[in-house]
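Counting from 1, the numbers follow the sequence of the chain as shown.
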Amino acid sequence: MTSKLSSLLRDIDVLEIIGETDKNITSLESDSRKVEKDALFVAVKGVTNDGHKYIPVVASAHVAAIVCEEMPAAYEKGITYIRVADSAEALGRLASAWHGHPSRKLKLVGVTGTNGKTTTATLLYEMAKFEGFKAGLLSTVCNYVVDRAVPTTHTTPDPLTLNSLLAQMVEEGCEYAFMEVSSHSTAQKRVAGLNFAGGIFTNLTRDHLDYHGTVENYMKAKKAFFDMLPADAFALTNADDKCGMYMVQNTKAKVYTYSLRSDADFKGKVLETRLDGTLMLLNGREVEVQFTGRFNAYNLTDVYGASILSGFDPEEVIVNMSRLVPVAGRFQPFLSPDGVAAIVDYAHTPDALVNVLDTIREIVGPEGEIITVVGAGGNRDHGKRPMMAQEAACRSDLLILTSDNPRDENPEDIINDMKAGLNNDELKRTECVTDRREAIRHAISSAKPGCVVLIAGKGHETYQEVCGVRHHFDDREEVKDAFNSRNN
């Protein structure tokens, strides 16, 4: 695959060029370790590394051209140097051009927010298939090109991977693509150059402050996605969230709202909730869905609205809402033979824990028993740890604090950070079991028939990261093993 440098440069704002542009490019790279002869290298200033440091290295590899924000002190003969204001944004636009602008050949819908991105994007992908369309999915759990699974490492891939996957979707006949758009990806311009047909805002609560620094910066990163939507796109926002209308105040897209509490373009209402499903109204139409909880009612309402805005038949959408099934690790229930229920959920923020535990309490009633097992990730936002513990403790009869993905931190230090959010009464109902496997076993062995055990934080993940090494660990497998031990 080759492309003319002059053709690629049409898609970026160039400040200065030194050298010829009438030359063939054989590859596009931002990783200096992967460059080959005649490549176009883009020097990006990352979070922990700066690609500009490697310009001399890639120059010695005889690349054809280098895109950068700062010109080097010395120029190598035969290499074209292109200066831009923002090389991260240039990389996104170049990646799109390199792959033939695949997002222009798809109806690409992005989903952003703190909670609900994976569920919303995945259910829209499933809905498209129910409607008879080929579709692609880019999500935290897994990427899909039609039905072919492609493992994922980030919520939103880097621009080169992202556009490669979109190009594969086009090649395999997809008409639609649905993707999670993380705050990191907008801040790092990973979605630059993409043409979105629609955007969805789920909600906003505290998360990723280890990266963004403040809630305001986090909020602005989310809003940046809607600011980039074109005039012919739709922007569907949660009217019940305090940030819902802020997100779309500067968008060029046509704005639509969804709500459970007030008038909106797409109105949902919960009529009845159970552990295995919910009876809802969607724009006045009654539908039985295989999801539980008010937070899922929001997800389903935005899926309903986005499905219609994406051009799906409204009558078929209502029918197909009842066919949708929960995403792995999102309020995923398990039941033991003697009547103990366990819920595995990805909840890893204070607000997400509130949503899940309030849903469980609504189901079990004031007399029902809830045991919660939860930890917090290492090398991440320290400030949310005591908040998570406090929200879990006040909604649980027994709280077991344990390890999540400690990464490079001591898990006991993380647990102590969480305990700092608890008062004396809450501490009396709290136990600390550092080993997550033992914590799950202890919770399930302690549960009485009719009790619900929430295993929170990791959801779909099949690993635990300790000291930079990922070890196989799956909460769902651990729950099943614990049930077997309980009944033997």
So, are Glu465 and Arg470 salt-bridged, with charged N and O less than 4.0 Å apart? yes

Mark yes or no for whether Glu175, through its side chain, and Leu106, through its backbone, hold a donor-acceptor pair below 3.5 Å. no

Heavy-atom pair with the smallest gap, counting every atom of Ala235 and Val248: CB-CG1, 4.0 Å

Check this for me, if you would: do Glu315 and Arg285 make a salt bridge, where the nitrogen-to-carboxylate-oxygen distance has to be below 4.0 angstrom? yes

Between Asn283 (side chain only) and Lys267 (backbone N and O only), is there a donor and an acceptor less than 3.5 Å apart? yes

Between Glu171 and Arg148, is there a side-chain N and carboxylate O pair less than 4.0 Å apart? no

Could you pull out the closest heavy-atom pair between Arg190 and Asp158, with the gap in Å? CD-CA, 4.0 Å

If you apply the rule side chain to side chain donor-acceptor pair (under 3.5 Å), what do you find for Thr161 with Ser164, and how did you get there? CA-CA 5 Å; Thr161 303; Ser164 173; over 6 Å; no

Grab the two heavy atoms, one from Val181 and one from Gly110, that are nearest each other, plus how far apart they are. CG2-CA, 3.9 Å

Could you tell me which non-hydrogen atom of Phe312 sits nearest to which non-hydrogen atom of Val317, and how far apart they are? CB-CG2, 3.6 Å

Are the side chain of Lys458 and the backbone of Tyr463 linked by a donor-acceptor contact shorter than 3.5 Å? yes

Can you tell me how far OG of Ser259 sits from CG of Asp265, rounded to the nearest 0.5 angstrom? 10.5 Å

Tell me if the CG atom of Asp50 is crowded by more than 12 foreign heavy atoms within 6.0 Å. yes

Using modelled atom types only, decide if a donor and an acceptor are shared between the side chain of Lys222 and the backbone of Gly113 within a distance under 3.5 Å. yes

Nearest heavy-atom contact between Leu401 and Ala389 is CD2-CB, 4.3 Å

Could you tell me whether Lys189 and Asp86 have a side-chain N and a carboxylate O separated by less than 4.0 Å? yes

Exceeds 12 heavy-atom contacts within 6.0 angstrom, atom CG of Asp263: no

Is any side-chain heavy atom of Arg323 closer than 4.5 Å to one of Met127? no

Show your reasoning for whether side chain to side chain donor-acceptor pair (under 3.5 Å) applies to Glu461 and Asn405. CA-CA 10 Å; Glu461 292 179 351; Asn405 289 320; 3.1 Å; yes

Around atom NZ of Lys45, are there more than 12 heavy atoms from other residues, nucleotides or ligands closer than 6.0 Å? yes

Are Thr202 and Thr114 side-chain neighbours, meaning at least one heavy-atom pair lies under 4.5 Å? no

Derivation and outcome, side-chain contact (heavy atoms from CB on, under 4.5 Å), residues Leu124 and Ile200: CA-CA 11 Å; Leu124 283 168; Ile200 303 165; 3.6 Å; yes

Distance-only donor-acceptor check, side chains Arg294 and Thr359, under 3.5 Å: no

Answer with yes or no whether the side chains of Asn320 and Glu131 bring together a donor and an acceptor at under 3.5 Å. yes

Check: Glu180 side chain, Thr140 main-chain N or O, donor-acceptor pair, under 3.5 Å: yes

If we ignore hydrogens and angles and just use 3.5 Å, is the side chain of Asn296 paired with the main-chain N or O of Asn299 as donor and acceptor? no

May I ask you to decide whether Glu126 forms a salt bridge with Lys129, counting only side-chain N to carboxylate O separations under 4.0 Å? yes

Donor-acceptor check, side chain of Ser139 to backbone of Cys142, threshold 3.5 angstrom: yes or no? yes

For this output row, return yes or no: ring centroids of Phe225 and Phe196 closer than 6.0 angstrom. yes

Residue pair Tyr298 / Asp240, side-chain donor-acceptor N/O under 3.5 Å: yes

Can you measure from CG (Leu204) to NZ (Lys242) and round to the nearest 0.5 angstrom? 6.5 Å

What's the shortest heavy-atom distance between His472 and Thr462, and which atoms? ND1-O, 3.3 Å

What's the separation between atom CG in Asp381 and atom OG1 in Thr349, rounded to the nearest 0.5 Å? 10.5 Å

Quick one: sort the Tyr176 and Phe133 rings into parallel, tilted or perpendicular, breaks at 30° and 60°. perpendicular

Please check: side-chain N/O of Glu272 versus main-chain N/O of Leu279, any donor-acceptor pairing under 3.5 Å? no

If only atom types and distance count, is the side chain of Thr251 paired as donor or acceptor with the main-chain N or O of Phe226 below 3.5 Å? yes

Atom NZ of Lys4: over 12 foreign heavy atoms under 6.0 Å: yes

What I want to find out is whether Asp358 reaches Arg395 closely enough, with some N-O distance under 4.0 Å, to be called a salt bridge. yes

To the closest 0.5 Å, what do you measure between NZ (Lys223) and OH (Tyr218)? 16.0 Å

State plainly whether the residues Arg274 and Glu288 are in salt-bridge range, i.e. N to O under 4.0 Å. yes

Is the closest basic N to carboxylate O distance between Arg436 and Asp475 below 4.0 Å? yes

When rounded to the nearest 0.5 Å, the distance separating OG of Ser396 from CG of Leu454 is 7.0 Å

In plain terms, say whether Glu409 and Arg407 are close enough for a salt bridge, that is, a side-chain N and a carboxylate O under 4.0 Å apart. no

Between Lys384 (side chain only) and His348 (backbone N and O only), is there a donor and an acceptor less than 3.5 Å apart? yes

Answer with yes or no after comparing the ring centroid distance for Tyr125 and Tyr144 against a 6.0 Å cut-off, counting only values under it. yes

Verdict with supporting geometry, Gln290 and Ser322, side chain to side chain donor-acceptor pair (under 3.5 Å): CA-CA 7 Å; Gln290 300 177 56; Ser322 62; over 6 Å; no

Worked verdict on Asp302 versus Thr120 for side chain to side chain donor-acceptor pair (under 3.5 Å): CA-CA 7 Å; Asp302 71 36; Thr120 297; 3.1 Å; yes

Here's one to test your reading of the geometry: is the NZ or CZ of Arg476 within 45 degrees of the ring axis of Phe334 and under 6.0 Å from its centre? no

Would the Tyr346 and His460 ring centres measure less than 6.0 Å apart? yes

Can you measure from CG (Asn143) to CG (Leu138) and round to the nearest 0.5 angstrom? 5.0 Å

